[in-house]
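Keep in mind that the numbers below use all heavy atoms, side chains included, and drop hydrogens, waters and symmetry copies.
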Amino acid sequence: MDGVLNEATDKLHKYESGQSDFQTICGATSHVAHDHLRLVPVEQTATDGDVNRCGRCFADGDSY
């Protein structure tokens, strides 16, 4: 599964598959400049202690 990482906040969101331009399930990144976002595998960030998961996108996440 792919996620959208907001590098400015170190927050991971679920990527809305089939959509373009880093659209996420929660829509929280719609106002963020694309140069602050990157598409990453969710599994890759599981061990990264600096990355937080969005609470709207992930059951184990914190606030968006």
Side-chain angles (χ1 to χ4, degrees):
M1 171 190 335
D2 286 329
V4 176
L5 179 63
N6 181 340
E7 294 180 321
T9 62
D10 287 328
K11 183 72 69 179
L12 182 68
H13 303 269
K14 279 187 184 177
Y15 175 67
E16 189 170 0
S17 62
Q19 299 297 319
S20 61
D21 296 337
F22 302 108
Q23 289 189 11
T24 60
I25 300 293
C26 67
T29 60
S30 62
H31 67 283
V32 179
H34 289 180
D35 56 335
H36 293 292
L37 302 172
R38 71 181 161 109
L39 208 55
V40 297
V42 170
E43 298 80 23
Q44 175 184 333
T45 63
T47 58
D48 189 343
D50 293 331
V51 173
N52 297 307
R53 292 179 177 220
C54 170
R56 292 182 184 176
C57 294
F58 298 96
D60 63 347
D62 53 0
S63 66
Y64 78 97

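- Annotation: ring-ring contact (aromatic ring centres under 6.0 Å, His included) contacts of H34 (sequence neighbours excluded): F22.
- Hydrophobic clustering (ILVMFWY, side-chain heavy atoms < 4.5 Å, transitive): M1 and V40 are in one cluster.
- Listed by first and then second residue, the salt bridge (charged side-chain N to carboxylate O under 4.0 Å, His left out) pairs that reach into residues 26-38 are E7-R38, sequence neighbours excluded.
- From N52, atom CG reaches atom OG1 of T45 across 10.0 Å, with rounding to the nearest 0.5 Å.
- Contact record, H13 with C54: ND1-CB, 3.3 Å, taken as the closest heavy-atom pair.
- Here CG of L5 is found 11.0 Å from OG1 of T29. Values are rounded to the nearest 0.5 Å.
- Between D50 and D10 the shortest heavy-atom distance is O-CB, 3.3 Å.
- One hydrophobic cluster holds both V42 and V51 under the rule that ILVMFWY side chains link at heavy-atom gaps under 4.5 Å.
- Of all heavy-atom pairs spanning C57 and I25, the tightest one is SG-CB, 4.2 Å.
- Partners of N6 under the side chain to side chain contact (heavy atoms under 4.5 Å, CB included) rule, at least two apart in sequence or in another chain, are A8, T9, V32, H36, L37.
- For Q23, there are no side-chain hydrogen bond (donor to acceptor under 3.5 Å, both in side chains) partners at least two apart in sequence or on another chain.
- For D60, the side chain to side chain contact (heavy atoms under 4.5 Å, CB included) partners at least two apart in sequence or on another chain are R53, F58.
- Taking the salt bridge (charged side-chain N to carboxylate O under 4.0 Å, His left out) definition, one finds that E16 meets it with nothing, sequence neighbours left out.
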